[in-house]
Structure formats: C-alpha cells, structure tokens
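Structure, as structure tokens:
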Protein chains: 2
Amino acid sequence: MNNKILKSADLKQTKKRILILSVLEAAPTALTVDEIAEITSKDTKMNLSTIYRALNALVDKNVVLKTLHQDGKTYFEINSHTHKHSLVCTICNKKVIIDTCPLEVLEQNLTNQTGYAITGHNLEFFGICPDCLNHMPEKTI
Amino acid sequence: MNNKILKSADLKQTKKRILILSVLEAAPTALTVDEIAEITSKDTKMNLSTIYRALNALVDKNVVLKTLHQDGKTYFEINSHTHKHSLVCTICNKKVIIDTCPLEVLEQNLTNQTGYAITGHNLEFFGICPDCLNHMPEKTI
DNA sequence: ATTCGTGCAAAGGGTTTGCACTATT
DNA sequence: AATAGTGCAAACCCTTTGCACGAAT
C-alpha cells in the first residue's frame, strides 16, 4: 500500500521510504524527524538527511503534512485530509489529540472579509497536563 | 510610559530597551528580531543579541509574547491581553490581522475533557492574498 | 559600588545541501 | 544505462551564551 503511495507520487519505492511511510501511518500523532529516526532505527539505520529528504519529497507531493511547532521542531504526519489539532503540555510535552476542528466556518468568513484564498491553518493549544499539575509545588501555580 | 513597563518588570531602563518597546507598541502586528533591528537601526545601532536578550527578558516578565511561526522565525509582540491571530499569504507573506478569537469557548471544553490547564494557544491561517491570486498564472491555481 | 545590560565572537540546535556512491527503474 | 536515492560532512539559519566591558541604580 505504501508502494502505491510512492508510485502515485512519482517517487522510487525504496525500503527506507516505505519504512518511513509505515511509521507515519502507524503513528497516532505527528512525529519529529528524531522520533522517526528512533523508531526506524530498530529496523534499519538511516541518515537523518535521508529522512529529511524523504519527508520533504512527500510533503512536496502533498502526501505528508509538515508543521513547525512551538518547541522549534518540525512535525510530520500523513495527510489524512481529516484534519486534527493537538494540546501540548508545556512542562512534559505530553500531547492530546483534538479531533474537532472548529475553524472551517471561520475560514469562510475570513475569505469573505479579506479576499484571501485560505489554504490552511495551524493551531496548537498549550497547557499543563494533569500529571504535571499534580507534581507542581503550590506556589508556582 | 515604557519606563513604567520596564520599572514594574524589574528591568533597568536603558535607551535600547525603551526603543525596542516603543517599536513593539507602534507595530500593527508581531515582529521578528530582524524587523525590529531594521526599524531601530534608524535610531541606534544595536547588536542582535541585545535585541534577543531584551525581548526574552520581557517575555519572561510576560510583557511581550513570543511565537514561532511557520516561516521558522520567532515573532514578538506586546502582550495586550487582547488576543489576536493572523492570516499570512504563503506567497508574498502579506499579513492580515484577525481580531476575533473563537477559541476561548473551545478551551473550556478541552479543559473539561482532558484535565489540562490550558495556558494559551497559537493559531495561524495560511492562504493566498488577492494580489498574489491576480498575478498567478491560471494553471497553478 | 553593585548590579545588570551590551557587544563581540563563538557555539548551539535543527535543517539543508554538495558530492561521490549506490540502488531502483 | 539512465535516473533518482543515500551517506557523509559541511554549510546554513536563527537563536543563545560566555566573557570582558560599559551603563544604570
């Protein structure tokens, strides 16, 4: 199946790209290059530039989505076209997926008001997760 | 007035910090360090690290907000506490400010669902502005 | 006088790129 | 055989940091 994705994206089907795609497909959330490297390393060693290049090729083909998060790292995920956002703990980085996106309506309004053809958006929530709240000294809350 | 901000933030009132603050206050939108350097250079030369350090000190005091955008640059703006988002043209980077934030309601729901204490969010819209739409060859639309 | 801000140059982290080599088609 | 992918090391961009000097309290 990943073969099909690569074929229709006009990319050669290499073991490494197939592996990267399968990792992204199995992931419940967007991953960084380091995370992908960590996961794939159990299977094959590959250079970070290989991962970057494979991902960027897939991004160009619109198979994968690329988003820069507030932690300074770029996250990659399969473009499922069913669009989700996340809520990240600013202390431990634990992440929860939000599966409703309330922004489509707003986008239509924005188009009407600004004339922009809106092609996407990026939304991240920040907060402190229940665990970190519990382990936090009183005075810092 | 900027003196007051600095004083109440427990920061020494230097010409450079006062200048940086006045630039941020005059700006209609969040600025990068380069933009701030460009503007302030008409007045005083200052090292980029000075700007970074001044801004980060103000961020620590919650006077200034810091956000990493999808272009890989960090944007700074006065924390007006009246919270806004932007719509950025992916071609020419022209930016429109959106002054309604529809997310506070959503945040409350998220808190109930996840137990996270939500401390903020980051939202950027992307699109193509009317000018760029006009100058665009048909086939690329 | 003390404390903190600043300039400079160097380092840092994440990402990209040039080149020679290897694999896929 | 031709084309595209990969590893390696170096370069890149933006941001941060150490240190010596200078300015604000």
Side-chain angles (χ1 to χ4, degrees), chain A residues 2-24 30-38 40-41 43-61 63-77 88 93 124, chain B residues 2-24 30-38 40-41 43-61 63-77 93:
Chain A
N2 293 325
N3 326 33
K4 283 193 186 157
I5 293 178
L6 288 169
K7 190 155 206 173
S8 58
D10 269 313
L11 297 170
K12 284 187 178 164
Q13 304 168 52
T14 67
K15 289 184 197 86
K16 306 195 175 192
R17 294 218 263 230
I18 293 169
L19 180 55
I20 290 171
L21 272 176
S22 70
V23 168
L24 288 180
L31 299 175
T32 64
V33 166
D34 277 348
E35 290 167 337
I36 295 167
E38 165 70 21
T40 55
S41 70
D43 205 301
T44 315
K45 301 289 170 206
M46 66 181 112
N47 195 280
L48 281 187
S49 1
T50 301
I51 302 179
Y52 277 110
R53 278 193 275 226
L55 289 169
N56 284 332
L58 291 164
V59 169
D60 288 345
K61 302 295 185 179
V63 171
V64 165
L65 297 176
K66 177 182 189 173
T67 314
L68 182 56
H69 285 209
Q70 295 301 308
D71 62 5
K73 291 177 189 164
T74 304
Y75 286 73
F76 297 89
E77 65 192 308
V88 189
N93 292 314
E124 273 182 288
Chain B
N2 292 325
N3 327 32
K4 282 193 185 153
I5 293 178
L6 289 168
K7 191 155 203 172
S8 60
D10 270 314
L11 298 169
K12 284 186 180 166
Q13 304 168 50
T14 68
K15 291 185 195 84
K16 307 197 174 192
R17 288 206 244 206
I18 293 169
L19 181 55
I20 290 171
L21 272 175
S22 69
V23 168
L24 289 179
L31 299 174
T32 63
V33 165
D34 277 347
E35 290 168 336
I36 295 168
E38 164 71 20
T40 56
S41 68
D43 205 302
T44 315
K45 301 285 171 213
M46 66 180 113
N47 195 280
L48 281 186
S49 359
T50 302
I51 302 179
Y52 277 110
R53 277 192 275 227
L55 290 168
N56 284 331
L58 291 164
V59 168
D60 288 345
K61 301 295 185 177
V63 172
V64 165
L65 297 176
K66 177 182 190 174
T67 315
L68 182 56
H69 286 209
Q70 295 301 309
D71 62 5
K73 290 177 189 163
T74 305
Y75 285 73
F76 297 89
E77 66 191 309
N93 290 313

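Just so it is clear, the model here is predicted, and its values are computed rather than measured. Letters A, B, ... are given to chains in the order of the sequence lines, protein chains preceding strands, and every chain is numbered from 1.
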Mapping A:Ser49 and B:Gly72 onto DNA chain D by nearest heavy atom, which one lands closer to the 5' end?
A:Ser49
Rounded distance (Å) that lies between atom P of D:dA4 and atom CG of A:Asn56:
18 Å
Chain A reaches DNA chain C, atoms under 4.0 Å from its heavy atoms, from C:dG14 to C:dT25
With sugar-phosphate meaning primed atoms plus P, OP1 and OP2, does A:Thr14 contact a base, only sugar-phosphate, or nothing at under 4.0 Å between heavy atoms?
sugar-phosphate
Could you state the NZ-P distance from B:Lys15 to D:dT25, rounded to the nearest angstrom?
10 Å
In terms of heavy-atom contacts, A:Ile51 and A:Ile20 come closest through CA-CD1, 4.0 Å
Would you mind reading off the bend of the helix from C:dA1-D:dT25 to C:dT25-D:dA1 from its two end axes, five pairs each, to 10 degrees?
30°
Between B:Glu35 (CD) and D:dT15 (P), how many Å, whole number?
11 Å
Comparing nearest nucleotides in DNA chain C, the 5'-proximal residue of the pair A:Asp34, A:Arg53 is A:Asp34
Is any side-chain N or O of A:Lys16 under 3.5 Å from a base N or O of D:dT6, one able to act as donor and the other as acceptor?
no
If each of B:Leu11 and B:Thr74 is mapped to the nucleotide of DNA chain D with the nearest heavy atom, which maps nearer the 5' terminus, i.e. the 5' end?
B:Thr74
A:Leu6 CG to D:dA4 P: how many Å, rounded?
15 Å
May I have the distance from B:Arg17 (atom CZ) to D:dA24 (atom C1'), rounded to whole angstrom?
10 Å
Using a 4.0 Å heavy-atom cut-off across all strands, classify B:Lys12 as base, sugar-phosphate, or nothing.
base
Under the ring pair (Phe, Tyr, Trp, His ring centres under 6.0 Å) test, which residues partner A:Tyr75, sequence neighbours left out?
A:His69
Nearest-angstrom distance from the residue atom CG of B:Asp10 to P of D:dA24
18 Å
Using a 4.0 Å heavy-atom cut-off across all strands, classify A:Thr32 as base, sugar-phosphate, or nothing.
nothing
Donor-acceptor pair, side chain of B:Gln70 and main chain of A:Leu68, under 3.5 angstrom:
yes
Give the rounded distance in Å between these two atoms: CG of B:Asn47 and P of D:dA20.
17 Å
Check each of B:Thr14, B:Leu19, B:Leu21 against B:Arg17 using the side chain to side chain contact (heavy atoms under 4.5 Å, CB included) test, and report the only one that passes.
B:Thr14
What is the distance, rounded to the nearest whole Å, between atom NZ of A:Lys73 and atom C1' of D:dT15?
15 Å
Going by the rule side chain to side chain donor-acceptor pair (under 3.5 Å), which residues pair with B:Glu38 if we only count those two or more places apart in sequence or in a different chain?
none
So which heavy atom on A:Ala9 is nearest to which on A:Lys61, and how close?
O-CE, 2.9 Å
Tell me the closest heavy-atom pair linking B:Glu35 and B:Ala30, and the distance in Å.
OE1-O, 4.1 Å
Residue met sooner reading DNA chain C from 5', once B:Leu48 and A:Tyr52 are mapped to nucleotides:
B:Leu48
Taking side chain to side chain donor-acceptor pair (under 3.5 Å) as the test, write out the residues that go with B:Asn47, two or more places apart.
B:Ser49
With B:Lys66, which residues qualify under side chain to side chain donor-acceptor pair (under 3.5 Å), at least two apart?
B:Asn56
Rounded to the nearest 0.5 Å, how far does OG1 of A:Thr50 lie from NZ of A:Lys16?
6.0 Å
